[in-house]
Amino acid sequence: IPDDVNIIILTPVEFIMLQVKIGAWLGVLLATFWLLIDGAIKTELVKKIPNHSFAITKYALGSMVLMIMGLAYSWYLLTPMLLDYLAADAQAAGISTEWRLSAFIGFIGGLCFACIIGFQAPLFTLLSINSEVVSREELLLYRRHIWFATFVLGAAFSPPDPLSLFLVAIPIILLFEVAIFWSSVTDKN
């Protein structure tokens, strides 16, 4: 929590309901992860990949690593910088900085969730290329559009300043580019 910021609770059950929401978020996240893995096992999309059982395990482990990287990026770099910026901006305008507990936790949870999803970009890229849904050449052809869409989504999930936008969008673009590079290095053709 930034200096000179107070967290307030406005209703008697706000803290209890916040715990329920956090539990629901974690449940949805785990259920979504499980459904993606189960869907990948049952779909013809992954069966196009040679040795698809190993590929599913590899993608599941990769997804977990990327999830942890996204969470760490959000928790240790993005969230503290944005909270300090928002507190300093409000204080510079002469506004008292008292944040509601549920809004504060919701903001942090939203950033963490956005980074977890955003950091899956290399996984989606490699899965799309390896299952022949899209070719690497098509991704390279539409690279500008993908970058633009990443910046638009970054603007939706960050405060309205250029630094925050770049802090959200640039890691996702870099991970996308790493996946494109990795795909070219590991191409068996």
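What you see is a predicted model; the values in this text were computed from it and never measured. Excluded from the calculations below are hydrogen atoms, water molecules and symmetry mates; all remaining heavy atoms, backbone and side chain alike, are included.
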ring-ring contact (aromatic ring centres under 6.0 Å, His included) with Phe176: which residues, sequence neighbours excluded? none
List the residues meeting ring-ring contact (aromatic ring centres under 6.0 Å, His included) with Phe113, not counting sequence neighbours, and say none if there are none. none
Aromatic rings Phe151 and Phe166: how do their planes relate, parallel, tilted or perpendicular, breaks at 30° and 60°? perpendicular
Residues at least two apart in sequence or cross-chain that pass side-chain contact (heavy atoms from CB on, under 4.5 Å) with Met17, listed by chain then number, are Val13
I'd like a table of donor-acceptor pairs (distance under 3.5 Å, sequence neighbours excluded) in which one partner is a side-chain atom from residues 102-110, with atom names and distances.
{"from": "Ser102", "atom 1": "OG", "to": "Glu14", "atom 2": "OE2", "distance (Å)": "2.9"}
{"from": "Ser102", "atom 1": "OG", "to": "Arg100", "atom 2": "NE", "distance (Å)": "3.3"}

Mind checking who shares a hydrophobic cluster with Val178, ILVMFWY linked at side-chain heavy-atom distances under 4.5 Å? none
With sequence neighbours left out, write down each residue that passes ring-ring contact (aromatic ring centres under 6.0 Å, His included) with Phe148, or none if nothing qualifies. none
Members sharing Ile95's hydrophobic cluster, built from side-chain contacts under 4.5 Å between Ile, Leu, Val, Met, Phe, Trp and Tyr, are none
Which residue pairs pass the salt bridge (charged side-chain N to carboxylate O under 4.0 Å, His left out) test when at least one of the two sits in residues 70-90, sequence neighbours left out? none
Mind checking what makes side-chain contact (heavy atoms from CB on, under 4.5 Å) contact with Val134, not counting sequence neighbours? Ser128, Glu138, Leu139
Restricting to side chain to side chain donor-acceptor pair (under 3.5 Å), what partner residues turn up for Glu177, sequence neighbours left out? Arg143, Trp147
Clusters formed by hydrophobic residues whose side-chain heavy atoms approach within less than 4.5 Å: which one holds Val28, and what are its other members? none
Pairing residues for Thr79 by the side chain to side chain donor-acceptor pair (under 3.5 Å) criterion, not counting sequence neighbours: Ser74
